[in-house]
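Shown next, in C-alpha cells, is the structure this report addresses.
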Amino acid sequence: MYRTNYCGEITEKNIGENIIISGWVNSRRDHGGVVFFDMRDITGIVQVVFRIEEIEKDKLNFIEDLIKHNVKPEFVLKISGKVVKRSEESINPKMKTGKIEIVLKNLEVLNTSKPPVFDIENSQNVAEDTRLKYRFLDLRNPKMQEIFIKRSLFIEEVNKFLSNERFLYVETPILTKSTPEGARDYLVPSRVQNGMFYALPQSPQLFKQLLMISGFDRYYQIAKCFRDEDLRADRQPEFTQLDMELSFAIEEDIFDIIERMLAKTFSIFGININLPIKRLTYDEAMSRFGSDKPDTRFGMEISDATNIFLNTEFKVFRQILENKGKILGIKVDKGSSFSRKELDSLIEEAKILGAKGLLYGKYINGNFESPLTKFAKKEEIDALLKLFKAEDGDLILIVSDKEELAQKILGTIRGNLAKKLKLIPPNSFDFLWVYDFPMFEYSEEENRLVSKHHPFTMPSLENFDNLENLSIEEKLKIKSRSYDIIMNGVELGGGSIRIHDLNIQKKVFKLLNIKDEEAEEKFGFLLEALSYGAPPHAGIALGLDRLIMLCMELDSIRDVIAFPKTQKASCLLTDAPNVVSKVQLRDLGIQIKEKINFDKKD
RNA sequence: GGGGACGUAGUGUAGUUGGUUAACAUGCGACCCUGUCAAGGUCGAGAUCGCGAGUUCGAGUCUCGUCGUCCCCGCCA
C-alpha cells in the first residue's frame with residue numbers, strides 16, 4: 001500500500017494516527033540530529049520530521065543512511081509515520097498543514113531524481129523555454145497544478161449543467177475535409193490514397209449542423225480545433241472549444257443557456273456574474289468603443305466631432321470630410337500631464353495602426369494647448385471642449401479618417417492607455433454580448449466579399465429575393481444573426497443562427513463568389529443534408545483555454561494548456577514538428593522539395 | 001511577411017568608455033549542527049558569455065548574419 005492519506009489533507013483530526021504517504025521531496029532541512037523534509041503530492045505539502053529516538057533500533061542505521069543520502073529534492077518516497085501536533089512555537093501559519101507534522105517511523109525510496117533543472121517552487125521565475133522543455137517539472141508546481149485542477153472542475157460543472165439541459169455529448173472527426181474560407185488548415189496526408197489530404201478541423205461547425213439535421217436536438221463537445229495561423233499570447237495552433245449547437249433555437253435561447261451556464265460554473269473561480277449580461281450592437285460597440293470586443297470596465301468612450309467641423313477651414317479636416325470621413329476623439333482624464341515624448345509615442349502608435357496623424361489637445365487652466373488652435377476657429381475649439389465635457393487637466397486625442405479606421409485606431413489607443421494608466425480595476429469581470437454583426441466584409445486581398453463569421457450564418461433579412469442584384473455597398477450593410485460573448489475585452493466565444501434553408505445557403509455562397517461547382521465540391525454533403533428536413537438551429541462555441549486564462553487572471557494561454565507550443569508552433573518538450581523518415585514519406589507519396597537536414601531522424 | 005525585446009555556470013542575474021583570473025545569489029558535492037520551514041555555518045566543484053563571421057594588438061561588451069524564446073502588426077470565418 002502506497003498511502004493512507006494525501007499530504008495536503010492531513011489535519012489536526014489525524015493527530016495520533018499512524019499513516020502512510022507517498023510523494024515527492026519538496027525540500028529538506030538537515031540539522032544533524034534532527035532532519036525535516038517536506039513531502040508534496042497533488043493535494044499539498046506536509047512536514048516530516050526524522051528523530052533518531054523514534055526509529056526502531058534494528059532499522060536505525062539503514063534509515064539514517066537513507067535520510068542522509070537519499071532524501072533529496074524530487075526523490076519519490078513512501079513514508080510511514082505518526083501524525084503529531086506541533087508545539088506552539090513551531091507552528092507554521094503559512095502552511096495548510098502547519099499545525100501538525102509526521103514523525104517518521106519508516107521510509108522507502110520509490111525513485112531517485114536528478115537535481116531538478118530549476119527549483120520547482122520558483123519555476124514561475126524561470127525562462128519560459130526552459131520551463132517548456134521541462135514541462136513535466138514545471139507542472140509539479142502547485143500553482144500550475146491549481147490551474148489544471150480548476151480547469152478540470154470547470155469542465156465537470158459544464159458537463160453537469162449541459163447534461164441537465166438535455167445536451168448530448170457527441171464526438172466529431174479530427175481527420176476531416178479541408179474547407180475554403182477561414183483559417184489555414186493543418187493538412188494530414190493520406191497513405192491509402194496518395195496525393196490526397198485530410199484537414200484537421202478548424203471547428204466542428206459542419207458536423208454539429210449535421211447532428212442537428214440528424215435530430216439530436218442539442219449537442220455539445222469539448223472539441224479540439226486546429227488553425228495554422230500565427231500565434232499570440234492568447235492563440236495556440238491547437239486549442240479547445242466548448243462547442244454547442246441547438247435545434248429550434250433563436251438568439252434568446254442561446255443567450256439564456258450561456259448566461260445561466262456561466263453564472264453557475266464560474267463559481268468554480270469565485271466569480272459572480274450579474275444576469276442578464278448587457279448587450280451592444282456591433283455598430284454601437286464600434287462607435288462608442290472602437291472595437292467589436294470592447295472592454296467596458298472603464299470609460300474613455302469615443303465622441304464624434306465631425307459636425308463641429310463641417311465648415312472648417314482646416315485643410316486636413318476638409319479633405320477627410322470631402323471623403324465622407326469622420327473626426328473622432330477620446331478624452332483622457334488628467335491626461336494633460338503627458339510629456340511631449342509620450343504624446344509622440346501615441347502619434348507613432350496611431351500611425352502604425354494606419355492613421356495619417358493624431359491630433360492632441362491639452363486643456364490646462366482654461367487654455368486649449370494644441371496644434372489645432374492654429375487652424376481651427378475659436379467656436380470650433382469651444383464646441384470641441386463642450387462635446388468632450390473637458391475639465392481642467394484633460395487631454396483630447398483626435399483621429400480623422402474613414403469612420404471604421406478612425407474607430408479602430410481610437411479603440412486600440414483607448415485599450416492601451418487604459419492598461420498604461422491602470423484604469424481597469426483588478427479582479428473585475430465584465431461580460432457583454434455583441435450582436436448584429438455585418439454579414440460580410442470586403443477582402444482587399446481576394447478582391448471579394450468574405451464572411452465575417454462563417455458562410456453558414458443566417459443573414460438578418462426579411463426578404464431574400466433580389467440579393468444578387470445589390471451593390472457591394474448594400475451587401476456590406478447586410479447584418480447577420482451572429483453574436484459574440486466578450487469577457488474583459490476579450491472574445492470569449494461566438495456563434496450564430498445557422499442557415500437551414502437550402503436556397504438561402506446557395507444564395508449566400510453566391511454572394512461570397514463561391515461558384516456552384518465549388519460549393520458542390522466543398523460543401524455538397526451539407527447542401528444535400530439541408531435538403532432533407534434540416535431544422536432551424538443555432539449554436540455557439542466558447543474558447544475554453546481563453547476562458548480559463550481570463551478567470552484565473554493569467555496573461556498567456558500557454559499557462560492553461562498542459563503542453564503548449566511556442567510562437568513558432570514547436571513543442572520544446574517533444575521537439576515537434578520534426579523530420580520523418582524517407583520510408584514514411586515514400587508511403588505517403590510525398591517528396592520534400594527543399595533541402596532539409598535529415599540528421600535528426602532517418 | 002514586418003516591428004520590437006531578450007540570449008553570460010543547472011537556475012536567476014551583474015558585468016563601466018572594448019583591456020589581465022567573467023562577479024553575485026541560488027542550486028550541486030563534502031563536512032559541522034536537535035526545531036527548521038527561503039534553516040544556518042565552513043570548504044569545494046561548476047561558464048569555450050546561443051552559434052558564425054567581421055572590426056581591433058585585444059570582443060561577454062562594437063558591426064553584420066544566423067538560430068531560439070517572448071510581445072505586437074499583418075493573419076486568426
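Treat the numbers as computed from the prediction; the structure is a model and nothing was measured. Residue numbers begin at 1 in each chain, while the letters A, B, ... track the order of the sequences. Excluded from the calculations below are hydrogen atoms, water molecules and symmetry mates; all remaining heavy atoms, backbone and side chain alike, are included.
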If you measure from the [atom1] atom in [N] to the same atom in [M], how many Å do you get, rounded?
N	M	atom1	answer
B:rG46	B:rG4	P	41 Å
B:rA59	B:rU16	C1'	15 Å
B:rC51	B:rG68	C1'	10 Å
B:rG10	B:rG29	C1'	14 Å
B:rG58	B:rU66	C1'	25 Å
B:rG50	B:rU69	C1'	11 Å
B:rU55	B:rC64	P	15 Å
B:rU11	B:rA47	C1'	14 Å

Original post:
A:F118 on top of B:rU11's base, within under 5.5 Å and under 30°?
Top reply: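 So A:F118 does not count as stacking on the base.
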Check every atom of [options] against the side chain of [X] and return the nucleotide holding the closest atom.
X	options	answer
A:R29	B:rC75, B:rG12, B:rC37	B:rC37
A:K568	B:rG68, B:rG12, B:rC70	B:rG68
A:V117	B:rG10, B:rC72, B:rG1	B:rG10
A:D38	B:rC37, B:rC71, B:rU36	B:rC37
A:V126	B:rC71, B:rU11, B:rU36	B:rU11
A:D230	B:rU69, B:rC37, B:rG1	B:rG1
A:Q47	B:rC71, B:rU36, B:rC76	B:rU36
A:S27	B:rC73, B:rC76, B:rA39	B:rA39

Starting at [atom1] of [X] and ending at [atom2] of [N], how long is that distance when rounded to a whole Å?
X	N	atom1	atom2	answer
A:N92	B:rA38	CG	P	7 Å
A:Q124	B:rU26	CD	P	21 Å
A:R235	B:rC70	CZ	C1'	15 Å
A:L137	B:rG27	CG	C1'	14 Å
A:K408	B:rC72	NZ	P	18 Å
A:D555	B:rC71	CG	P	10 Å
A:R184	B:rG1	CZ	C1'	10 Å
A:L104	B:rU34	CG	C1'	16 Å

Hey, is the main chain of [Y] close enough, under 3.5 Å, to the side chain of [X] for a donor-acceptor pair?
X	Y	answer
A:T43	A:G8	yes
A:R546	A:D234	yes
A:R28	A:V35	no
A:K208	A:D243	no
A:S570	A:L572	no

Enumerate all atom pairs, one protein N or O and one N or O from nucleotides 28-33 of chain B, separated by less than 3.5 Å.
{"unit_1": "B:rG29", "atom_1": "OP1", "unit_2": "A:K72", "atom_2": "NZ", "d": "3.3"}
{"unit_1": "B:rC33", "atom_1": "N3", "unit_2": "A:D30", "atom_2": "O", "d": "3.2"}
{"unit_1": "B:rC33", "atom_1": "N3", "unit_2": "A:G32", "atom_2": "N", "d": "3.4"}
{"unit_1": "B:rC33", "atom_1": "N4", "unit_2": "A:D30", "atom_2": "OD1", "d": "3.4"}

Using Watson-Crick or G-U wobble geometry with both distances below 3.5 Å, tell me the partner of [N], or none.
N	answer
B:rU69	B:rA5
B:rU26	B:rG10
B:rG54	B:rC62

Mind checking if [X] touches a base, just sugar-phosphate, or nothing, with heavy atoms under 4.0 Å?
X	result
A:E53	base
A:R558	sugar-phosphate
A:L353	nothing
A:Q567	base
A:T566	sugar-phosphate
A:E101	base
A:D119	nothing
A:K94	sugar-phosphate

**OP:** Ignoring hydrogens and angles, answer whether the base of B:rU11 and the side-chain atoms of A:R131 contain a donor-acceptor pair closer than 3.5 Å.
**Re:**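 Checked by distance alone, the answer is no.
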**OP:** Indicate, yes or no, whether a donor-acceptor pair under 3.5 Å links the base of B:rC75 to the side chain of A:R227.
**Re:**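 No such pair is found, so the answer is no.
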Original post:
Where does the angle between the aromatic ring planes of A:F456 and A:H454 fall among parallel (under 30°), tilted (30 to 60°) and perpendicular (over 60°)?
Top reply: tilted
**OP:** Describe, in one word, how the ring planes of A:F437 and A:Y282 are oriented to each other, choosing from parallel (under 30°), tilted (30 to 60°) and perpendicular (over 60°).
**Re:**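 The rings of A:F437 and A:Y282 sit tilted, inter-plane angle from 30° to 60°.
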Original post:
Which residue, A:S90 or A:Q205, contacts RNA chain B at a nucleotide closer to its 5' end, judged by nearest heavy atom?
Top reply: A:S90
**OP:** Take A:K565 and A:L231, find for each the nucleotide of RNA chain B with the closest heavy atom, and name the residue whose nucleotide sits nearer the 5' end.
**Re:**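 Upstream on the strand: A:K565.
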**OP:** Answer yes or no: are there more than 12 heavy-atom neighbours, outside A:W24 itself, under 6.0 Å from its atom CH2?
**Re:**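 Counting other residues, nucleotides and ligands, CH2 of A:W24 stays at 12 neighbours or fewer.
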Original post:
NZ of A:K522: more than 12 outside heavy atoms within 6.0 angstrom?
Top reply: yes
**OP:** Look at the side-chain N and O atoms of A:R232 and state whether any lies under 4.0 Å from the OP1 or OP2 oxygen of B:rC73.
**Re:** yes
**OP:** Could you tell me whether the phosphate oxygens of B:rU69, OP1 or OP2, come under 4.0 Å of any side-chain nitrogen or oxygen in A:S570?
**Re:** yes
Subject >> Flag for A:Q236-A:D545: side-chain donor and acceptor within less than 3.5 Å >> reply: no
Subject >> salt_bridge(A:K479, A:D436) N-O dist < 4.0 Å >> reply: no
